[in-house]
2 protein chains.
Amino acid sequence: MYKLVSLIGALAFAGASTMAMAGEWQALPTKAPEPADNPTTPEKVELGKILYHDPRLSSSGTVSCASCHNVMAGGEDNRGGSVGVKAQVGGRSAPTVWNSAFNATQFWDGRAPSLEAQAKGPVTNPIEMGMKSWDDVVVRLKAIPGYTPLFAKAFGGSDAVNADNAAKAIAAYERTLITPNSAYDKFANGDLKALNEQQTRGMQLFKDTGCAACHSGPGFNGSQNGQAATGVYMKFPTIENAALEAQYGFTKDVGRFEVTKNDADKHFFKVPTLRNIALTAPYFHNGKVKTLTEAVTIMAKTQLGKDLTEQQAADIAAFLDSLTGEFPKQAMPQLPGYTGKTFDYE
Amino acid sequence: MYKLVSLIGALAFAGASTMAMAGEWQALPTKAPEPADNPTTPEKVELGKILYHDPRLSSSGTVSCASCHNVMAGGEDNRGGSVGVKAQVGGRSAPTVWNSAFNATQFWDGRAPSLEAQAKGPVTNPIEMGMKSWDDVVVRLKAIPGYTPLFAKAFGGSDAVNADNAAKAIAAYERTLITPNSAYDKFANGDLKALNEQQTRGMQLFKDTGCAACHSGPGFNGSQNGQAATGVYMKFPTIENAALEAQYGFTKDVGRFEVTKNDADKHFFKVPTLRNIALTAPYFHNGKVKTLTEAVTIMAKTQLGKDLTEQQAADIAAFLDSLTGEFPKQAMPQLPGYTGKTFDYE
């Protein structure tokens, strides 16, 4: 009897309305778009993976791309501000590298139009990886004998070790960092039982509350295939809230205004992907909000003027849990050695 | 004609004396000794690999075992002193984790008799990983849902998440970190052409100069199968040298005396393995010597009272290059998530 009731429940749960829902939602593509001048090749990806994990690209020899964008975890560091060289703490929370190939722009303020442009930034940022210049980085890369053949294989030519190629290789690697087959993706692909009841409620609430207006598309980031769709930037907070401001200081950061110096861009930030969001606490550009449920509650309040009940926020957070994908199996890279020597690290 | 001369040269090079030499040297075992109370199992190794790479075992959430003992590189960080939480720099150079299972003792001063005991140290060292206690570590491990089943699979029981098991898992993983099939190992196994001419000269010099008196056995660390053989500790410098002392300050560190408080142990240090030594610059307990050739020259002077010519030092360094082994292919671990939350990192 119990089994029969369960079966009837399951059938009702996976009924007509749920099936109709599936068609509205888009699964994550398993291949990232590639720029014409940097097609993805296995040789570039392999070199990029090595560079991405090489702490010798920092002034102290201790910070690699992976230090703050950890691909063994949710693609970042679960800190409010990341720790760079000399224990300096960055002003914005590190965005995830997973599925970043599907973002129409990079960094919270969108100051890099491509993964290639993004990759060059942190290396010479004084509070991140602290190298004085890319010229200094290239000097190191050329001193490490194993890098020259890897660059030659990836880019051809006898003098392929340079900053542009390093950035291209890192970007090519990042385009392989895709996490498909989340419970959500299975649902979107027609497996109507992939989401549990709470997640299905949360999905409906996510839509009805208006979250999907900005967090649209397969990346839940306002983009389609790496191009702007419903919108790449949004003002945060859109609706002023003195209590939240006092608690979290969201408006201390002027966001995209720093890039454009256009008043209309004040407090605008990139709409971040919600893929794997359950693994990337704490939340928002300043990383001040510690739990996903609270982040959902704040978003509804400041962006949509809605007060969610605790149950509603928990339901939406449960839906967001379903966006945690499958992480591709990766072989650990072995960094080429600087035989019998070391660099002058600070 | 040129080919014939080359062939004759090669035959002479791989002649009777070289063949006799091969028999004196020991290749690295491909399997590490295991303690009776912690047999190596795939489940422990997998858990240990995850723990080893998990920065959440540090107070800042930024330092894992791998930060200073990087298995993507030579098993350490190529720095004089390692950087721990809050950019604090350790007083001794990080030893390599590769082949550490063949050391009879761990740490430069031998204060840990096993890999299990070693693994517990850095996590609660205030200038390394900075956790207040292992109790605090276990609170975190229990809060991350994915760890409980991994500990249960590795150790059985319903309450397997504890400090002893974490250390056992890390040690089990470290026992898999073996680098066989170096050029030297191929030579020791009978491939008489595995070493080039300079390396063969260096090998003979290594023996004739007296280096092998301490750096004995397959690990070149005075041990056999993880047990003391020719000696685990040696005084450094054995022969005082005012000029070197002024330059490098070797005697500022009293070494094993710190552990035993026995005057006879002053300035005694563990005989470190020479396996992969070309990848682990800078050298010595204080990491003050930047190149392998210089390290060889200093060792001959301070330990054996011999002045090597530049050529002799270069030949021995070339032989030491031949101790760089093959690094096992490893799958990158995926750390279990702390879903929708993060810890209070400093």
Side-chain angles (χ1 to χ4, degrees), chain A residues 49-50 53-56 60-64 66-68 70-74 77-80 82-83 85-88 276-283 287 290-296 317-318 320-321 324 326-345, chain B residues 49-50 53-56 60-64 66-68 70-74 77-80 82-83 85-88 276-283 287 290-296 317-318 320-321 324 326-345:
Chain A
K49 181 162 70 169
I50 293 171
H53 286 92
D54 196 335
R56 295 170 297 187
S60 60
T62 61
V63 182
S64 69
S67 299
C68 304
N70 188 352
V71 295
M72 297 185 194
D77 56 6
N78 293 121
R79 287 183 52 94
S82 296
V83 177
V85 296
K86 301 189 222 168
Q88 297 172 100
N276 305 301
I277 192 76
L279 301 181
T280 64
Y283 298 104
K290 285 192 180 165
T291 71
L292 184 53
T293 312
E294 191 182 0
V296 166
L320 296 177
D321 274 358
T324 299
E326 281 178 15
F327 295 91
K329 287 193 199 322
Q330 297 187 67
M332 215 183 269
Q334 205 68 36
L335 310 180
Y338 184 34
T339 315
K341 298 188 206 110
T342 186
F343 297 107
D344 281 320
Y345 295 125
Chain B
K49 181 161 72 169
I50 293 171
H53 287 92
D54 196 336
R56 294 170 298 188
S60 59
T62 61
V63 182
S64 70
S67 299
C68 304
N70 187 353
V71 295
M72 296 185 195
D77 56 5
N78 293 122
R79 287 183 52 96
S82 297
V83 178
V85 295
K86 300 189 225 168
Q88 297 172 99
N276 305 302
I277 192 78
L279 301 181
T280 65
Y283 297 104
K290 285 191 180 165
T291 71
L292 184 53
T293 313
E294 193 182 359
V296 167
L320 296 177
D321 273 359
T324 300
E326 281 177 16
F327 295 91
K329 288 194 199 323
Q330 298 187 64
M332 215 182 268
Q334 205 69 34
L335 309 180
Y338 185 32
T339 315
K341 297 186 207 114
T342 187
F343 297 109
D344 281 320
Y345 295 125

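Naming: A, B, ... by sequence-line order, numbering from 1 per chain. Fair warning: this is a prediction, and the values are worked out from it, not measured in the lab.
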message = Please classify the contact between A:Lys329 and chain B as side chain, backbone, both or neither, with a heavy-atom cut-off of under 4.5 Å.
response = neither

Part of A:Pro55 lying under 4.5 Å from any heavy atom of chain B = side chain

inquiry  = Just so I know, are the side chains of A:Ile50 and B:Met72 near enough to count as touching, which here means a heavy-atom distance under 4.5 Å?
reply    = no

query = To the nearest 0.5 Å, how far apart are NZ in B:Lys341 and CG in A:Asn78?
reply = 12.5 Å

Part of A:Ala331 within contact of chain B (heavy atom distance under 4.5 Å) = both

Heavy-atom pairs under 4.5 Å with chain B, option from A:Gly61, A:Cys68, A:Pro282 with the top count = A:Pro282

query = Between A:Thr291, A:Thr342, A:Asp54, which residue shows the highest count of heavy-atom pairs closer than 4.5 Å to chain B?
reply = A:Thr342

ask   = Given a strict heavy-atom distance threshold of 4.5 Å, which part of A:Ser67 is in contact with chain B: side chain, backbone, both, or neither?
value = neither

ask   = What are the two closest non-hydrogen atoms of B:Pro333 and A:Met332, and how far apart are they?
value = CD-CE, 3.8 Å

message = For A:Tyr283, which atoms come within 4.5 Å of any heavy atom of chain B: side chain, backbone, both, or neither?
response = side chain

remark   = Pair count under 4.5 Å, heavy atoms only, with chain A: among B:Leu320, B:Asp344, B:Thr324, highest is B:Asp344

message = With a 4.5 angstrom heavy-atom cut-off, is it the side chain or the backbone of B:Asn70 that approaches chain A, or both, or neither?
response = side chain

ask   = Which pair of non-hydrogen atoms, one from B:Gln334 and one from A:Val71, has the smallest distance, and what is that distance?
value = NE2-O, 3.1 Å

Heavy-atom contact with chain B under 4.5 Å, split by part of A:Ser60 = both

task = Would you name the heavy atoms of B:Gly340 and A:Ala281 that are closest together and state the gap between them?
result = C-CB, 4.0 Å

inquiry  = Counting only non-hydrogen atoms closer than 4.5 Å, does A:Asp321 touch chain B with its backbone (N, CA, C, O), its side chain (CB onward), both, or neither?
reply    = side chain

